[in-house]
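Taking it in order: structure first as structure tokens, then the write-up.
Residue numbers start at 1 and run along the sequence shown.
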Amino acid sequence: MRRILKLFAFLAFAGLLFLVVISLAFYHLISIGEFRRYIVSEIEQQTALKVQLGEAHLEFGRILGVAFHDVAVSESDALRPEITAEQVTARVALLPLFERKLIFDEIRLEKPTVRLFRDRDGRVPLLDKLLSLPFLKRQDTEFNLDLRAIRIRGGQIDFITPGADSEQTVVHLSD
């Protein structure tokens, strides 16, 4: 009986140590900016959008979170960004990662502004590019993506549609 308790104590300690080492490695990648560079390069390669992310930091709690400040997403030839946010926080569950499941418990957007342009055909090119991300379309049995909640605080949307006489109609939504 004593051996079994020692074995369980050792396994619990090893598991806890493993989680601490993984968290420290993840913290190191975030603090030196490697994680940010990886995310920016992947999104830019997959969508041909220009992405800017400010500094990142970890938010510890019941679920680990990664927060990025001063986020901007724009078309590669646009003068100003179509999507901006003061802060974007993604809370990721760690244990499902061992089962090849990426579960975003929550994505929180602080004061985002979105400028959506609709072309003459009625399509919104920015949304088409965002919805064409490969991980959103792929039905892979080895990797699962799950998003539980999106929270937006203090956001506004400008929806711009071309008119008949080369005028633009703007619909402004806030909060």
Side-chain angles (χ1 to χ4, degrees), residues 15-117 123-158 160:
L16 182 64
L17 184 64
F18 180 72
L19 286 176
V20 167
V21 169
I22 293 291
S23 297
L24 288 174
F26 193 60
Y27 176 76
H28 177 70
L29 288 175
I30 287 176
S31 66
I32 64 170
E34 189 65 32
F35 184 66
R36 181 181 65 216
R37 283 190 291 275
Y38 173 74
I39 289 176
V40 168
S41 68
E42 284 298 312
I43 292 174
E44 287 180 348
Q45 284 178 357
Q46 301 295 331
T47 63
L49 294 172
K50 183 179 175 187
V51 178
Q52 296 173 340
L53 295 176
E55 70 176 53
H57 68 271
L58 285 179
E59 290 185 358
F60 292 99
R62 187 176 57 88
I63 297 177
L64 182 68
V66 179
F68 294 100
H69 296 278
D70 302 324
V71 176
V73 177
S74 62
E75 296 277 342
S76 58
D77 58 349
L79 296 175
R80 58 186 267 204
E82 280 89 4
I83 300 173
T84 60
E86 283 185 11
Q87 180 175 322
V88 175
T89 304
R91 297 204 170 271
V92 180
L94 293 178
L95 290 179
L97 290 174
F98 292 117
E99 300 171 7
R100 294 183 178 233
K101 294 179 182 177
L102 183 59
I103 297 178
F104 289 102
D105 188 60
E106 173 185 65
I107 294 181
R108 189 179 329 137
L109 303 163
E110 300 286 336
K111 297 183 182 175
T113 58
V114 179
R115 294 174 36 97
L116 296 175
F117 295 94
R123 293 185 6 239
V124 180
L126 180 64
L127 288 180
D128 290 342
K129 286 185 178 183
L130 290 175
L131 292 175
S132 69
L133 286 169
F135 64 84
L136 293 176
K137 296 192 302 186
R138 182 173 47 194
Q139 297 296 324
D140 195 354
T141 58
E142 292 183 17
F143 179 77
N144 293 321
L145 176 68
D146 188 8
L147 175 60
R148 303 267 166 96
I150 296 177
R151 299 196 197 295
I152 300 172
R153 293 186 187 157
Q156 60 185 27
I157 298 174
D158 291 333
I160 302 165

Atom [atom1] in [X], atom [atom2] in [Y]: separation rounded to 0.5 Å?
X: Glu75; Y: Leu126; atom1: CD; atom2: CG; result: 6.0 Å
X: Ile152; Y: Lys111; atom1: CD1; atom2: NZ; result: 14.5 Å
X: Leu116; Y: Ile83; atom1: CG; atom2: CD1; result: 7.0 Å
X: His69; Y: His57; atom1: NE2; atom2: NE2; result: 4.0 Å

Side chains of [X] and [Y], heavy atoms from C-beta outward: is any pair under 4.5 Å?
X: Arg91; Y: Arg148; result: no
X: Asp70; Y: Gln52; result: no
X: Glu82; Y: Val114; result: no

For Phe68 versus Gly54, what's the shortest heavy-atom pair and its separation?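 In this case the closest contact between Phe68 and Gly54 is CD2-O, 4.2 Å.
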Between Ser74 and Arg80, what is the shortest heavy-atom contact and its length?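 Closest approach of Ser74 to Arg80, heavy atoms only: CB-O, 4.1 Å.
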Residue among Glu59, Glu106, Arg151 satisfying side chain to side chain contact (heavy atoms under 4.5 Å, CB included) with Thr89: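 The side chain to side chain contact (heavy atoms under 4.5 Å, CB included) with Thr89 is passed solely by Glu59 among Glu59, Glu106, Arg151.
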Partners passing side-chain hydrogen bond (donor to acceptor under 3.5 Å, both in side chains) against Glu110 (at least two apart in sequence or in another chain):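 Result, side-chain hydrogen bond (donor to acceptor under 3.5 Å, both in side chains) vs Glu110: Arg153.
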Just by modelled atom types, is the Val51 backbone N or O under 3.5 Å from a matching donor or acceptor in the Glu44 side chain?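 Confirmed, Glu44 side chain pairs with Val51 backbone.
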